[in-house]
There are 2 protein chains.
Amino acid sequence: MPTAPSTARATARAELTRAILDNASTQLAEVGPAALSVRAIARDLGMASSAVYRYFPSRDALLTALLVEAYDDLGAAVEAADAGVRRGDLRGRLRAIARALRSWAIAHPHQYALAYGSPVPGYAAPQDTVGPARRVPLVLISLLGDAQQSGRRPRGPDRVPAAEKAALAPVLAFVDPPLSPAYGVRGLGVWSALFGHVSLELFGHMHRGVLDPEAHFAAVVDQHAVDLGLT
Amino acid sequence: MPTAPSTARATARAELTRAILDNASTQLAEVGPAALSVRAIARDLGMASSAVYRYFPSRDALLTALLVEAYDDLGAAVEAADAGVRRGDLRGRLRAIARALRSWAIAHPHQYALAYGSPVPGYAAPQDTVGPARRVPLVLISLLGDAQQSGRRPRGPDRVPAAEKAALAPVLAFVDPPLSPAYGVRGLGVWSALFGHVSLELFGHMHRGVLDPEAHFAAVVDQHAVDLGLT
DNA sequence: CAACAAACGAGAGCACTGCTCTTGTTCTTT
DNA sequence: AAAGAACAAGAGCAGTGCTCTCGTTTGTTG
């Protein structure tokens, strides 16, 4: 980010880029990623569709920008939820994090689908998405780090195979001091379970078997807190 | 399914329907659901694109047929895996089921994305998809039913809130005698965790933190077996 | 200040999509 | 054998992402 060059053209460009992004975000929220149309955005903004390409080289680039926005928005929501709970109340923090994730997903289903649904085949996440994408996992890992620091241990696994220890190396090192392999297994398991629940619920796989997904989610999260030794 | 009327036209129709579906399936496997093109299928089959609409009223209808196919294929794979293990070896069965799910998803990423990725907004699953979609959950529930019958109990939750008990009513009744609420909570949690892992892995959210997803998956599944009291 | 160059907006156009309608043919049934 | 339904093909419509060209505006440089 260069510090606003303040030439009329540069500010106009920044404003129009923002306007396009805002309009795209609105359209995304309404019709979803698949139906997002560059031409429709241009029409909304009263400009030629070709002009949009001066600001975003392709529809994919626009979607990538929206993806970053989604990751950041969700990340901020989860971080805020975690920050709203007393540090020592580990179960309360997990509950808050999980609730924030699910609430955000329900409030922004299309953004969630963009971020965690099926990507377009062959889509390689550009470098500028990995930072924002890491925010939610980082909150979770920090929580586990705090739990470990306060002497807690997960309820199993008692022994972690060497292959698995090596496999988890990167994620264990996200926090200092590094997470124990047992917390790594459990933590990633909880991460998968949380996103799995939200995806299954949001994508319509749960409504036939579970009448009250919110109550069920709460029950599962509490069980995770027990499994993680947070209680 | 009417028993083959054997008129030349009827058999021709059946054959062409099958040919379209096969071609669509191939194309789906290659380019994914988003890029599936009715016109491309017609070109491949040497017919006018309008002719395809005599067999499938819309692209959505074709995708629905492919969706049923995917559910059935995955369901069959999981059922076969479960059937290949001695009934009493509950942990072995869970391992086999989980492995079959993940293997199938990796072998058929686009089919998996069609079934468990983000649906097109407003897509209401037609009635003929719910049967096939239920096959995997049913295998899992049957396994838990067997575990319960043999006197096992999950490691928590010890108490299930009334709201949650009511919420799970439908899924508990899928098997006879009905599943205990505790097994319901745990079972759905495992279901979410399995699909959550596969989705996160397949959609590219795991490769930066986990070097060997297979080893990690195995470790998580084994922990689930413990949590479910299968060991 | 003048000249050059870069950035820009608009419009036409290409190749593609899903889908509909019409026209002429083929097969089934009465 | 006649009537009617099913069918294949083609043209056409409305929409898409994206590119190219052509004037115009803006910023930088001699």
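Below, chain A is the first sequence line, B the second, and so on; all start at residue 1.
- For the pair B/Arg135 and B/Tyr71, the cation does not sit on the ring face, since its NZ or CZ is not both under 6.0 Å from the ring centre and inside 45° of the axis.
- B/Asp212 places a side-chain N or O within donor-acceptor distance of the main-chain N or O of B/Glu214, the cut-off being under 3.5 Å.
- With sequence neighbours excluded, the residues that form a ring-ring contact (aromatic ring centres under 6.0 Å, His included) with A/Phe217 are A/His197.
- A sub-4.0 Å separation between OP1 or OP2 of C/dC19 and a side-chain N or O of B/Arg59 is absent.
- Remark: C1' of C/dT20 and CZ of B/Phe56 are 19 Å apart, rounded to the nearest angstrom.
- Of the possible donor and acceptor atoms, none in the side chain of A/Ser192 sits under 3.5 Å from a partner among the backbone N and O of B/Ala193.
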Please write out the pairs of protein N or O atoms and N or O atoms of nucleotides 9-14 of chain C separated by less than 3.5 Å, giving the distance to one decimal.
unit_1: C/dG9; atom_1: OP1; unit_2: A/Tyr55; atom_2: OH; d: 2.8
unit_1: C/dG9; atom_1: OP2; unit_2: A/Tyr55; atom_2: OH; d: 3.2
unit_1: C/dG9; atom_1: N7; unit_2: A/Arg54; atom_2: NE; d: 3.3
unit_1: C/dG9; atom_1: O6; unit_2: A/Arg54; atom_2: NH2; d: 2.9
unit_1: C/dA10; atom_1: OP2; unit_2: A/Ala48; atom_2: N; d: 3.1
unit_1: C/dA10; atom_1: N7; unit_2: A/Ser50; atom_2: OG; d: 3.1
unit_1: C/dG11; atom_1: N7; unit_2: A/Ser50; atom_2: OG; d: 3.4
unit_1: C/dG11; atom_1: O6; unit_2: A/Ser50; atom_2: OG; d: 2.7
unit_1: C/dG13; atom_1: O6; unit_2: A/Arg39; atom_2: NH2; d: 3.4

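- Rounded to an integer number of Å, the gap from CD of B/Glu15 to P of C/dC27 is 14 Å.
- Across all strands, A/Ala8 comes closer than 4.0 Å only to sugar-phosphate atoms, never to a base (heavy-atom distances).
- Here C/dG18 presents its C1' atom at 11 Å from CG of B/Asp60, a figure rounded to the nearest Å.
- Distance B/Ile41 CD1 to C/dG18 C1': 12 Å, rounded to the nearest Å.
- Backbone-only engagement by A/Leu36 is indicated by non-hydrogen atom pairs under 4.0 Å involving sugar-phosphate atoms exclusively.
- Between B/Arg13 and D/dC7 there is a side-chain N or O to OP1 or OP2 distance below 4.0 Å.
- Without hydrogens or angle criteria, A/Arg93 side chain to A/Leu140 main chain gives no donor-acceptor distance under 3.5 Å.
- If you check D/dA6, C/dA6, D/dG17 against the side chain of A/Tyr53, the one that comes closest is D/dG17.
- Here the nucleotide nearest the side chain of A/Arg43, chosen from D/dG27, D/dT16, C/dT26, is D/dT16.
- Of the listed nucleotides (C/dC27, C/dT20, D/dT16), D/dT16 has the atom at the smallest distance from the side chain of A/Ser37.
- In this entry the distance linking CG of B/Leu45 with C1' of D/dC7 reads 16 Å, nearest Å.
- Salt-bridge annotation for B/Glu69 and B/Arg18: present, with a side-chain N of the basic residue lying under 4.0 Å from a carboxylate O of the acidic one.
- The minimum heavy-atom distance linking A/Gly75 with A/Val136 is given by the pair CA-CG2, 4.1 Å.
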